[in-house]
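Predicted, not measured: the structure shown is a model, and the values here were computed from it. Here is the naming used below: chain letters follow the sequence lines, and residue numbers restart at 1 for every chain.
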Amino acid sequence: MNNNDSHNAPGDEVKYRPGIIESKWQKKWADTSLYRTEDEVEGKENRYHLTMLPYPSGDLHVGHWFAMTPSDALARYFRMQGYNILFPMGFDAFGLPAENAALKGDTHPQTWTEQNIKKMRDQLRQMGAMFDWQREVNSSLPEYYKWTQWWFLQLFKNGLAERKKAPVNWCLDCETVLANEQVINGTCERCESTVEQRELEQWFFRITDYAEELLDNGELDWPEPVKIMQRNWIGKSIGADVSFRMETNNPSDDSEIRVFTTRPDTLYGATFMVLAPEHPLVSKITTQEQKNEVANYIEQTKLATEIERQSTDREKTGVFTGAYCVNRLNEEPIPIWISDYVLSTYGTGAIMAVPAHDQRDFEFAQKFNLQIKPVVQQLDVPELEIEEAYTGSGKLINSESFNGIDNIVAIEQITEYLAEKGWGEKKTQYRLRDWLISRQRYWGSPIPMIYCKACGIVPVPEENLPIELPFDVEFRPTGESPLNLSDDFVNTKCPECNEEARRETDTMDTFMCSSWYYIRYCDPNNETNAIDRDIANKWLPVDQYTGGSEHAVMHLLYARFFYKAARDMGLVPGDEPFTRYYSQGQILGPDGKRMSKSRGNVVPPDDQVTKWGADTFRAYLMFLGPWEQGGPYDIDGIVGISRWLNRVWNLVNNKSNLSNTENVETTEKLRYLNHNAIAKVTTDIENKQFNTAIATLMSLTNDLYTLRTNTTIDSTIWKETTDNLLLLLAPFCPHIAEELWEIVGNNYSIHQHSWPEYIESFTKEENIKIPMQINGKLREHILIPRNATETEVLELAKKLERWSEIVGSNEIIRIIYVPERLLNIVIKPVT
RNA sequence: GCCGGGAUGGCGGAAUAGGCAGACGCAGCAGACUUAAAAUCUGCCGAGAUAUAAUCUCGUGAGGGUUCGAGUCCCUCUCCCGGCACCA
């Protein structure tokens, strides 16, 4: 008998119509506030799940679905496990695209953003995710950025926000400065256009104060590659600061050059010095004869873009200053050069060059015919025969009293010696720079600072927040902050002396907004505080964060810094914002390339939802492959999920072949299938292996189908089985699970039901089939009782028909029985 | 250059802790149902040998090794993807 026949009998047809049931349940969930999260629920532990909030570009992308729906499934699973789950959503709504769109079209960034949010909110609702929309945040609303500004003031009061002059990255196209993290290969992270260095006074957050603590991320339950990326970005180096006396005819001149080196052991091999062209000493020390050449070189450097300057395969350039300093260890004179391969922003902006043991210095020395002096033994060859720098270890040579000492030991000894003499000291350097947060753009949160001629830099009093972003402003990028053009905005009174003063007109980097949004979700409507301390204790830190690893050294590092600063102000509990973080991969176009309009490989999620339904689309995205891996979206594969859900639908709706008489064998088989699936799906979800969880559910569906087609089943055990199937399905496909749950007569809502538990003994069958190998090669299968001993298994094996054929009279030299897994018989031919 | 991750059928992928390679799905092939198609259902679906089979051989990027047994562990190499890139 065919299930489908009876199901399709006239008058009995109930077809799976995703479009109808999905909107039905989305409405009911909203009407009954099913996903409304209270801060406290009796008997339930709070658990905070979070997926990165989107930028309101105006159109939800498959990438959003790929990132958010598995995250939703995970949150739903933990909800069913009995936790009180916070799973919020919002919009990272400040940023350049709004301005760019406004410049192209006849609209305002605010209008554009509002419209986009409205559209995207609807698109997000179609996912059927358990977002608590009452906690939505929008970082561009004054109710939100009031607190972004408030945080700025707290950082300022705690000495973590400062205005300083520094060489900064300037994007020529965006006409604004950028943080170091936002410059990729010398180009702007957003618009990919050229970035150049400018010396400007800007607002910085002192993230470097937390370098050491940020580096210490080993205990975090985060993907190892992301932690490594952060550690590399912070870039800790231990070495020494060493000072070299300037050689001068004037005995009262005690000026010196300080360098940072990780190789104090090679100090005797320093044969020249190199200063960054921007180094302040350059103008002081350059001799009359070299003045022109040096000035020309500095001019050239300024003209070079960051891409040109940072290119490693470019030949080294530089000029001699004419000046010398003295290596205090041996009183030898050392010529001082300048070159752009030395960065003014790292260390002291000057280096001692040891060409024998540093490849960059080696290349420079070769180009300009400078002395190469080996000081580590392995390189004890005539100077002309040296082909590259030796960076390995060895005993010191040419180093006077340090000769013969292992260079690793010499690092310590020479550093100590320098310290004793007052010529240097041990030093730790970080590659990480302070976080530059000023932006010369309109669509961002104004920086709440005031410049007063008399009082200097004065923070806006907290009670005057928010400093609202004026709507009516000419925001065309001119390289000058648009807010500067608004007299109403700029002109103000000094909060201290009440005299005429000017407001800061730069806005904040939008990464500032996203550094604390997860804090605001906990208490989104609080008008007197950024977050209530009691509520913070209830939810923070985030238990499970998910999102793309492209944010590894930007958002994720900034947020960690921010949270630690907030902790030190006593405002949030714990040391880290995100206890667990998991990065999903990237979904690609069907052609395996990044989806983009220009490539024409974009798969619009709305179309997929219309065609297949949200549940099918969700499950397909989770089924494609490992979540962390991402990969191409195969437009044809989704039909498999659609077929599966239809089978589930028919399986549960079908009333045929059910009876009231129990068949013990069938019941046992059903229990086994059922509990096995519960066990597998449970561990898979916990490990975020959604693809295999869904494969398990498919297998279960197939097995139930087969059993149902071939046997008559007791209706009680059948309902128990299908109920469990629906519960296991609920996190992945919340709508169909809810609909079928209702159809079989269960109470609303399946999503308030607890996750099924499996019974260990049911997950195993009495008799199992194990492979039997001869010399490690598969020869037969044998059916054995699960707890059989080796002897019993061997007896069963000997009863096999093929025993004499495959073993015969050969000598058995070893028997390996792995309980419940395999039997391997090692034989040797009798000669 | 440095630091990560990876390579398994026609395709996406699966495989506790070293134990039946290819679960699950797509595509494909054959059949059932149908006037027909779609949908659905059933079966097959890594390569090769043999008479269909039973069975055997080969097979997880390449080469070597450890082991009764290797996709999994060790060594060497190739290619692909991601990050950083003159950080002294």
What's V342(A) touching, base or sugar-phosphate or nothing? Going by heavy atoms closer than 4.0 Å.
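The answer is base, as V342(A) lies within the cut-off (heavy atoms under 4.0 Å) of a base atom.
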For rG4(B) and R231(A) - does any side-chain N or O of the residue sit under 4.0 Å from the phosphate oxygens OP1/OP2?
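No, R231(A) has no side-chain N/O under 4.0 Å of OP1/OP2 on rG4(B).
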What residues, two or more places apart in sequence or in another chain, satisfy salt bridge (charged side-chain N to carboxylate O under 4.0 Å, His left out) together with D358(A)?
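Checked D358(A) against salt bridge (charged side-chain N to carboxylate O under 4.0 Å, His left out); matches are R360(A).
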Nearest 0.5 Å, what's the CG-CD1 distance between L624(A) and I587(A)?
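Reported value, rounded in 0.5 Å steps: 5.0 Å.
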For rG25(B), does OP1 or OP2 lie under 4.0 Å from any side-chain N or O of R643(A)?
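So the side-chain polar atoms of R643(A) never come under 4.0 Å of the phosphate oxygens OP1 or OP2 of rG25(B).
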Hey, does Q629(A) reach any base, or is it just sugar-phosphate, or nothing, if we go heavy atoms under 4.0 Å?
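Here Q629(A) touches the backbone only, sparing every base.
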How is L822(A) classified with respect to the nucleic acid when contacts are heavy atoms under 4.0 Å: base, sugar-phosphate, or nothing?
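The residue L822(A) makes base contact.
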Check salt bridge (charged side-chain N to carboxylate O under 4.0 Å, His left out) between D434(A) and all other residues, then give those that pass, not counting sequence neighbours.
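Counting only residues at least two positions away or on another chain, D434(A) forms a salt bridge (charged side-chain N to carboxylate O under 4.0 Å, His left out) with K164(A).
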Starting at the 5' end of nucleotides 48-57 of chain B, put B wherever the base has a protein heavy atom under 4.0 Å, S where only the sugar-phosphate does, and a dash everywhere else.
-------SSS
Step-by-step salt bridge (Lys or Arg N to Asp or Glu O under 4.0 Å) determination, E181(A) to R433(A):
CA-CA 9 Å; E181(A) 290 77 13; R433(A) 315 276 163 82; over 6 Å; no
How many Å lie between CD on E550(A) and C1' on rG83(B), as a whole number?
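Taking atom C1' of rG83(B) as the reference, CD of E550(A) is at 12 Å.
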Output a table of nitrogen or oxygen pairs between the protein and nucleotides 28-31 of chain B separated by less than 3.5 Å.
none

Would you kindly say whether Y705(A) and N710(A) are connected by a side-chain donor-acceptor distance under 3.5 Å?
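Judged by distance alone, the side chains do not pair up.
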Exercise: do T701(A) and W644(A) side chains pair donor with acceptor under 3.5 Å:
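There is such a pair (donor and acceptor under 3.5 Å, judged by atom type) between the side chains of T701(A) and W644(A).
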Does R647(A) make a side-chain N or O approach to OP1 or OP2 of rC41(B) shorter than 4.0 Å?
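For R647(A), the contact criterion (side-chain N or O under 4.0 Å from OP1 or OP2 of rC41(B)) is met.
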Spacing between Y341(A) atom OH and rA88(B) atom C1', to the nearest angstrom
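For the pair Y341(A) OH and rA88(B) C1', the rounded distance is 8 Å.
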Sugar-phosphate only, base, or nothing, as touched by N646(A) at under 4.0 Å among non-hydrogen atoms
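The answer is nothing, as N646(A) stays clear of every strand by at least 4.0 Å.
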What would the secondary structure line of RNA chain B be in dot-bracket form, counting Watson-Crick and G-U wobble pairs under 3.5 Å, with [ ] for pairs that cross earlier ones and | for pairs with another strand?
(((((((..(((......[....))).(((((.......))))).((((.....))))..(((((..]....))))))))))))....
Pairwise side-chain contact, I372(A) with T271(A), heavy-atom cut-off 4.5 Å (strictly under):
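No, their side chains stay 4.5 Å or more apart.
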First encountered from the 5' end of RNA chain B, between A695(A) and N232(A)
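Its nearest nucleotide being more 5', the pick is N232(A).
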Can you sort out the partners of D634(A) under salt bridge (charged side-chain N to carboxylate O under 4.0 Å, His left out), two or more places apart, ordered by chain and number?
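If we apply the salt bridge (charged side-chain N to carboxylate O under 4.0 Å, His left out) test to D634(A), skipping adjacent residues, there are no hits.
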Would you say rU16(B) has OP1 or OP2 under 4.0 Å from some side-chain N or O of N687(A)?
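Answer is no, no contact under 4.0 Å.
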Could you check whether any side-chain heavy atom of H551(A) comes within less than 4.5 Å of a side-chain heavy atom of F511(A), counting everything from C-beta outward?
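With C-beta onward as the side chain, the pair touches.
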Charged tip of K688(A) within 45° of Y582(A) ring normal and under 6.0 Å:
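Pair K688(A)/Y582(A) counts as cation-pi.
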Quick one: label L624(A) by what it contacts on the DNA or RNA (base, sugar-phosphate, nothing), any heavy atom closer than 4.0 Å.
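Touches sugar-phosphate only.
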Identify whether any heavy atom of P632(A) sits under 4.0 Å from a base atom; if not, whether one sits that close to sugar-phosphate; answer base, sugar-phosphate or nothing.
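Touches nothing.
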Which is true for S237(A) with a 4.0 Å heavy-atom rule: it touches a base, it touches only sugar-phosphate, or it touches nothing?
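Sugar-phosphate contact only - S237(A) comes under 4.0 Å of backbone atoms but never of a base.
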